[in-house]
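In what follows, chains are A, B, ... by sequence order, proteins preceding strands, each numbered from 1.
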There are 2 protein chains.
Amino acid sequence: MTIKRGKKKRLSSAERREQIVEVALKLFSIKGFRGTTTREIAKEAGISEATIFKLFANKKALYKAIIDKCCSDSEGQLLLIKRLEGKSERDILTEIADFFLERYLNDPTFGRLLLFSALEAGDFSELFIRTRGVEILDYLSGYMKRLMKKGTFKRYDPHLAARAFLGMIFHYCMVQGIFGFNRFFNPPARIVGKTFVDIFLEGIKKGEWI
Amino acid sequence: MTIKRGKKKRLSSAERREQIVEVALKLFSIKGFRGTTTREIAKEAGISEATIFKLFANKKALYKAIIDKCCSDSEGQLLLIKRLEGKSERDILTEIADFFLERYLNDPTFGRLLLFSALEAGDFSELFIRTRGVEILDYLSGYMKRLMKKGTFKRYDPHLAARAFLGMIFHYCMVQGIFGFNRFFNPPARIVGKTFVDIFLEGIKKGEWI
DNA sequence: CCAACAAGTTAGTAAGCACTTACTTAAGTA
DNA sequence: TACTTAAGTAAGTGCTTACTAACTTGTTGG
C-alpha cells in the first residue's frame, strides 16, 4: 500500500494528498509530529520530499490536514449515539464501553495521535480535543443528568459521573495500548466492559438491592 | 533558582549535575525529550552547553539520570501505602484518591514525563513505567483480592477492579491537566475523590442496601 | 602566594532538519 | 504526432542539532 515497487503510477494531486495524509497520520501517531521527519514520510509514501511540499505549504499544514481528517471523520461515534436511543441504562453503558474498548484496543493510532497532540501542544491540538474528545462526554453527561432528575441514578455532578465511567474505559485502553500492559494481561474486551458497567451501576460492595 | 544574575558561583560537579537534572526534568516534561534542545537546557540552567556534556556523556544519559531520579524518589507513594494499614475500605480508597488527585492536579510534571516517555518509547520508558506505574496498582489489586475472598467485595478480576478505580482518578487528572479541562471545570478535589469512591463502592444506581 | 586541578567557556564540527529551485517526465488533447 | 500542462524529482539551501577540542578561570591546600 505504501511502498510501491516497479513502475510508479502517477496520481492526481488530490489522490496524492490523501495518500500523504494517510502515511503521515500513521507516522505521527507512532513518533509524534516532532519525531517524524518529512524525509521519512516521503520514503514511506514512495515519493520525494519535494512532492510533499508541492502539496502542503509546510509540515504544519500537513499536520492540520491530518487533524481535519480526524475531526471530520467521526468514526461512527455519532452513529453509536444514535444507536443508543430507547435502550436500558445497562445496555447503553455496555454499548459505549464495548465500542471504545474494541476501537482503541485494536488500533491505538487515534489515541496516540490525540495524546501526542495534547502533549506537544501545537496550535491545532485544542481544536482536535474539543471536537473529538467532548462528543461522548457531553452525551453521557446529559444522559446522567436526566436519570438523576428521574431518580434512577443518585445525585452527583453528572459531568463528574460521566468522567468516572469514561475514565475507567479510556485509561484502561491507554494503559493497555500505550504503556504496553496488553502483553501481560489481556482479558476479553467483553468481560472488561461488563466489569466496568457492573461496578459503575451497582458498585463493588456486596449487598442486596431493594 | 534557574537563571542567575551577577557573579556566577561555581558548583561542585555533583551539585551541577543535580541542577542540570532538575532543569532538564522540567523542560522534558513540558516539551518532551525530542522537543527539548541541549541549548535550551543550558540557557535555563545558566551555563554553557559544553558543561552539560562534561557531566553527561550524551543527551540520552541525561534522560536516564532523570528517569533514575524519578524511579528512586518514590514521592511518598510507599509512605501512602503504609499509612493505609488497618483503615476501612472507604477510608483507604478515599485516601488513595485524594493522594493522587492532589499530587497530579497541582503539578502535572511527573504525569507528563511518564506519558512522553511511553509515547516516545525510549529505551528507559519501560523501566520507568514498570517501577512507577505499577506500585499502587499491585497494592490495590492485592487488597481487592483479599476483600473478595472475605466476601466484602463482589468477585471480579481483582486487577481489573483496581484498574477501574485508578482509571477514574488518573484519567481525570490527565484530562484536567494535560488536555486543559481544568480551565472550564474545576470542582474541589475532595468532592471528586468522594464521588469516585462512592460510585466505586455502591454504584450510581439508586437503591437500598441490606 | 602560587601551583595544580577542577569548573567552565568559546568556537567550532558534521549530520540532520524543513524547505526550495530548476529541471524532467508522463499523460491527455488538438 | 506535437503541444501543453500537471506530476514528480535531483540536488541543493540555510539553519539547527547534538556533541567536541582547545582554551580560560576560579578555588584551594601547601
Side-chain angles (χ1 to χ4, degrees), chain A residues 1-25 27-28 30-67 116 120 122-124, chain B residues 1-25 27-28 30-67 116 120 122-124:
Chain A
M1 167 194 159
T2 48
I3 296 170
K4 328 216 156 192
R5 315 199 160 279
K7 48 182 88 170
K8 304 192 177 189
K9 210 204 160 190
R10 283 202 171 184
L11 300 182
S12 73
S13 60
E15 287 171 317
R16 189 60 83 192
R17 255 187 85 95
E18 182 63 23
Q19 187 221 356
I20 292 170
V21 166
E22 258 168 56
V23 168
L25 168 60
L27 292 178
F28 283 171
I30 295 171
K31 309 180 72 183
F33 178 71
R34 276 201 177 100
T36 305
T37 66
T38 50
R39 177 181 283 187
E40 283 174 304
I41 297 167
K43 195 180 172 189
E44 182 77 10
I47 54 174
S48 69
E49 276 186 86
T51 300
I52 293 174
F53 290 102
K54 277 263 153 69
L55 295 168
F56 299 90
N58 48 42
K59 200 183 167 191
K60 223 170 181 177
L62 173 54
Y63 186 54
K64 178 80 163 68
I66 289 173
I67 304 283
F116 262 122
E120 291 185 326
D123 305 343
F124 318 123
Chain B
M1 170 192 155
T2 49
I3 296 169
K4 328 214 156 193
R5 316 200 158 280
K7 50 181 88 172
K8 303 191 180 191
K9 208 203 161 189
R10 282 201 172 182
L11 301 182
S12 73
S13 60
E15 287 170 318
R16 189 60 84 192
R17 256 188 84 95
E18 182 63 23
Q19 187 220 357
I20 292 170
V21 165
E22 256 169 56
V23 168
L25 167 62
L27 292 178
F28 284 172
I30 295 171
K31 310 180 71 185
F33 178 71
R34 278 204 178 95
T36 305
T37 66
T38 50
R39 178 183 282 188
E40 283 175 304
I41 296 167
K43 195 181 173 189
E44 181 77 11
I47 55 175
S48 70
E49 277 186 86
T51 300
I52 293 174
F53 290 102
K54 276 266 153 69
L55 296 168
F56 300 90
N58 48 42
K59 201 184 167 190
K60 223 171 181 179
L62 174 54
Y63 186 53
K64 178 80 165 69
I66 289 173
I67 304 282
F116 263 122
E120 292 184 325
D123 305 342
F124 319 124

Just verifying a value: how many Å separate B:Glu40 CD and B:Glu49 CD, rounded to the nearest 0.5 Å?
10.0 Å
Whole Å only: how far is the OH atom of A:Tyr63 from the P atom of C:dA18?
15 Å
Any B:Thr51 side-chain nitrogen or oxygen under 4.0 Å from OP1 or OP2 of C:dT9:
yes
What is the separation between atom CG on B:Leu27 and atom P on D:dA18, rounded to the nearest whole Å?
12 Å
Min side-chain heavy-atom separation A:Ile41-A:Leu62 under 4.5 Å:
yes
What integer distance in Å separates B:Arg39:CZ from D:dT20:P?
17 Å
Confirm from the modelled atom types if B:Arg10 and D:dT25 form a donor-acceptor pair under 3.5 Å, side chain to base only.
yes
Using a heavy-atom distance cut-off of less than 4.0 Å, which residues of residues 55-62 of chain A contact DNA chain C?
A:Asn58, A:Lys59
Check every atom of D:dC19, C:dA18, C:dA7 against the side chain of B:Ser12 and return the nucleotide holding the closest atom.
C:dA7
Look up atom CZ in A:Arg17 and atom CZ in A:Phe56, then write down how far apart they are to the nearest 0.5 Å.
4.0 Å
Atom CG of A:Leu11 to atom P of C:dA26: distance rounded to whole Å?
15 Å
Determine: side-chain N/O of B:Ser13 to OP1/OP2 of C:dA7, distance under 4.0 Å, yes or no.
yes
Name the residue from B:Ile20, B:Thr36, B:Leu27 that meets the side chain to side chain contact (heavy atoms under 4.5 Å, CB included) definition with B:Glu44.
B:Leu27
What residues, two or more places apart in sequence or in another chain, satisfy side-chain hydrogen bond (donor to acceptor under 3.5 Å, both in side chains) together with B:Glu120?
none
Please determine if a side-chain N or O atom of B:Arg16 lies less than 4.0 Å away from the OP1 or OP2 oxygen of C:dG8.
yes
Spacing of A:Ile52 atom CD1 relative to C:dC17 atom C1', expressed in whole Å:
13 Å
Euclidean distance, atom CD1 of residue B:Ile47 to atom C1' of C:dT10 [Å, nearest integer]:
15 Å
Integer-rounded Å distance: C:dA6 P and B:Arg17 CZ:
17 Å
Mapping A:Thr38 and A:Lys54 onto DNA chain C by nearest heavy atom, which one lands closer to the 5' end?
A:Thr38
Indicate yes or no for a side-chain donor-acceptor contact from A:Lys59 to the backbone of A:Phe33 under 3.5 Å, with no hydrogens or angles considered.
yes
Touch check for A:Thr37, heavy atoms < 4.0 angstrom, all strands: base, sugar-phosphate only, or nothing?
sugar-phosphate
Atom CD of B:Glu49 to atom C1' of D:dT17: distance rounded to whole Å?
8 Å
When rounded to the nearest 0.5 angstrom, what distance separates CZ in B:Phe28 from CD1 in B:Ile67?
9.5 Å
